[in-house]
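Before any comments, here is the structure.
Model, not experiment: these values are computed from the prediction.
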Amino acid sequence: MKKIITAVAAVAMATSMFAVDFAANVHGWTDLFNMDLATDGAKPSFMGVRDPFDRKFAWSSTGIGVSFNGDKGGASFELNGRDVAVENVKVYAQPMDALKITVGAIGLASNCETIDYTKLSAYEGKEGWALDITPIDGLSINTMLVTGEARGWGWAFWGKDGKIGETVAKIGYSAGFGSVFGLVDYADPVTTMTAGYSGNVAGVGLFCDVAYTMKEKANVVAADVFANGAAGSLGYKAYVKYARGLDAKTNALQAKLLLNMGIGSGSGYFKCVIPDAFQEKFPVQIYPGYQFNIGCVSVDAGIQFNFNTDADANAGKGGAKSLSVPVVYKVSL
């Protein structure tokens, strides 16, 4: 903790001589009502706070986020709502437009859909060093070096056996046709290679990724496709992800659909998630809801039906049935 506070204080002092933008928010996710429909005699619960470490839904964890951004550097961190622990501490310096150095919480990822914010390949929530370079317009080079023993960014990059903890490199290029990238993650004995494209095709936002994970007797090929567009006043987002084990039993197909339309001063939506269409008990989540803003407060309220899924619709373990009324809120300060 002392190391984290010192790092943040150092950046705050260093940037005090320049124009610094300060931003903070309070965010949370509460179930106003929750009912287990699969267990006889189960009683409903009220005002339950969901796990603050559940980060599958963007900012839908419970806590406080703070960030400082200046001309040449900045910092950010979060306080979670369960044990008031400081997490996701990040300090960065940008001595020139083409170079950015980050210390602390780092991450690289492939394309990301915006229904539940799923990525085909993501290496986030790590601690270490990151270097982002933009040598020419359109070309980006991102590298990430994770500390070996997960003891913080101030420790050596190698573990007890002398192996580097994890190294990730991503090279991307953007032009009129869209963006392409290649990403390699090395964390002995597992290596993952990912390639992807994102752009706009005939007025529809589109991306596709392919990933190959290499591990002894556990090689997996995965692919995903995401489309985002509108038909008149109806907006839509659709996502499909497939994973197949070459020498293992992995064989999963996930599908998501989100429809939304402006209603009054907000937006009504209907979301359907199938965690794994290949499961014996076909799991599905149905989630109608409404999003709106009141000044600096953003609210997302809906009714969530889970059939043959566990509480987390993304896990896809199968079995439970439940009904809940979640409310996600964010107050920007």
Side-chain angles (χ1 to χ4, degrees), residues 25 27-31 50-63 65 67 76 78 80-81 87-88 90 105-126 142 144 168 170 172 179 181 183 185 192 194 196-199 204-209 211 222-229 235-243 252-260 267 269-276 283-291 293 298-302 304 306 309-316 324 326-330 332:
N25 64 77
H27 48 260
W29 182 353
T30 300
D31 276 328
R50 295 205 181 187
D51 189 340
F53 293 101
D54 185 350
R55 302 191 175 279
K56 298 185 187 305
F57 297 87
W59 44 263
S60 303
S61 57
T62 302
S67 65
S76 63
E78 294 182 6
N80 72 50
E87 60 181 20
N88 290 323
K90 177 170 62 177
I106 56 176
L108 282 173
S110 58
N111 291 313
C112 178
E113 54 90 358
T114 54
I115 300 174
D116 285 335
Y117 297 89
T118 299
K119 307 176 184 70
L120 183 68
S121 298
Y123 314 95
E124 298 179 331
K126 311 284 186 176
N142 313 103
M144 187 175 89
V168 187
K170 180 180 180 182
S179 301
F181 75 89
L183 187 152
D185 171 65
T192 299
T194 309
Y197 163 82
S198 63
V204 177
L206 181 72
F207 79 62
C208 55
D209 295 314
D224 65 353
V225 178
F226 174 68
N228 178 16
Y236 64 85
K237 296 179 180 180
Y239 178 72
V240 177
K241 181 174 71 174
Y242 175 69
L253 176 64
Q254 181 183 93
K256 301 180 183 183
L257 175 66
L258 179 68
L259 304 175
N260 63 80
S267 175
Y269 64 86
F270 175 84
K271 181 172 71 173
C272 179
V273 177
I274 302 172
D276 188 355
V284 62
Q285 178 198 84
I286 298 174
Y287 192 154
Y290 186 70
Q291 295 176 321
N293 295 331
S298 302
V299 180
D300 183 335
Q304 179 175 319
N306 287 319
T309 72
D310 64 354
D312 178 4
N314 287 305
S324 60
V327 175
V328 181
Y329 60 87
K330 181 178 182 181
S332 300

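At distances below 3.5 Å, not a single donor-acceptor pair connects side-chain atoms of Asp31 with backbone N or O atoms of Ser324.
No side-chain heavy atom of Lys170 sits under 4.5 Å from any side-chain heavy atom of Val168. Using a 4.5 Å heavy-atom cutoff, the side chains of Gln254 and Asp276 are not in contact. In this structure, Phe181 and Thr194 have side chains that are in contact, with non-hydrogen atoms separated by less than 4.5 Å. Put simply, the side chain of Asn306 does not reach to within 4.5 Å of the side chain of Tyr287, judged on heavy atoms. Looking only at side-chain heavy atoms (C-beta outward), Lys271 and Ile115 come within less than 4.5 Å of each other. Residues Phe226 and Val240 are not in side-chain contact: their nearest non-hydrogen atoms beyond the backbone lie 4.5 Å or more apart.
A donor and an acceptor atom, one from each side chain of Asn25 and Ser332, are nowhere located under 3.5 Å apart. Counted by atom type alone, Asn260 and Tyr236 present zero donor-acceptor pairs between their side chains at under 3.5 Å. Between the side chains of Thr118 and Lys241, no donor-acceptor pair of N or O atoms lies under 3.5 Å. Of the N and O atoms on the side chains of Ser267 and Gln291, not one donor lies less than 3.5 Å from an acceptor on the other residue. In this structure, a donor-acceptor pair under 3.5 Å is absent between the side chains of Tyr242 and Asp224.
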